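Just so you know, these numbers come straight off a predicted model, no measurement behind them.
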Amino acid sequence: MEDTQIIRMYELRNEDAVLETSMKYQNYCYKIAWNILKYYQIMRRQKKRNPLS
């Protein structure tokens with residue numbers, strides 16, 4: 001489904017808009033969250049090795 005259609009569903013207060021958004025962007029959001037956590041872990045490891053930085 002196109003973004004414009006999903007936006008229109010939100011404007012019409014159609015609850016299916018949430019489902020459509022989830023179906024379309026779930027993998028994308030998961031990937032972003034995964035990358036943030038991975039970056040955080042890398043930064044924590046570096047800080048443990050060099051606590052003065």
Quiz item: Please walk me through it: do Tyr25 and Asp3 pass side-chain hydrogen bond (donor to acceptor under 3.5 Å, both in side chains)?
Solution: CA-CA 10 Å; Tyr25 292 104; Asp3 289 346; 2.5 Å; yes
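Residue Glu11 qualifies as enclosed at atom CD: its count of foreign heavy atoms under 6.0 Å is above 12.
Using a distance-only test at 3.5 Å, with no hydrogens or angles considered, no donor-acceptor pair links the side chain of Ser22 to the main chain of Val18. Judged by distance alone, the side chain of Gln5 and the main-chain N or O of Glu2 form a donor-acceptor pair under 3.5 Å.
There is no side-chain donor-acceptor pair under 3.5 Å between Asn35 and Tyr40.
Here the OG1-CD1 distance, from Thr21 to Ile7, works out to 9.0 Å after rounding to the nearest 0.5 Å. The distance from the CG atom of Leu19 to the NZ atom of Lys24 is 13.5 Å, given to the nearest 0.5 Å. The structure places OG1 of Thr4 at 9.5 Å from CE of Met1, a figure rounded to the nearest 0.5 Å.
Ring orientation note: the planes of Trp34 and Tyr30 are close to parallel, at an angle under 30° on the 30°/60° scale.
The shortest side-chain heavy-atom distance between Met9 and Glu20 falls under the 4.5 Å cut-off.
Across all non-hydrogen atoms, the minimal contact from Asn14 to Asp16 is OD1-N, 2.8 Å.
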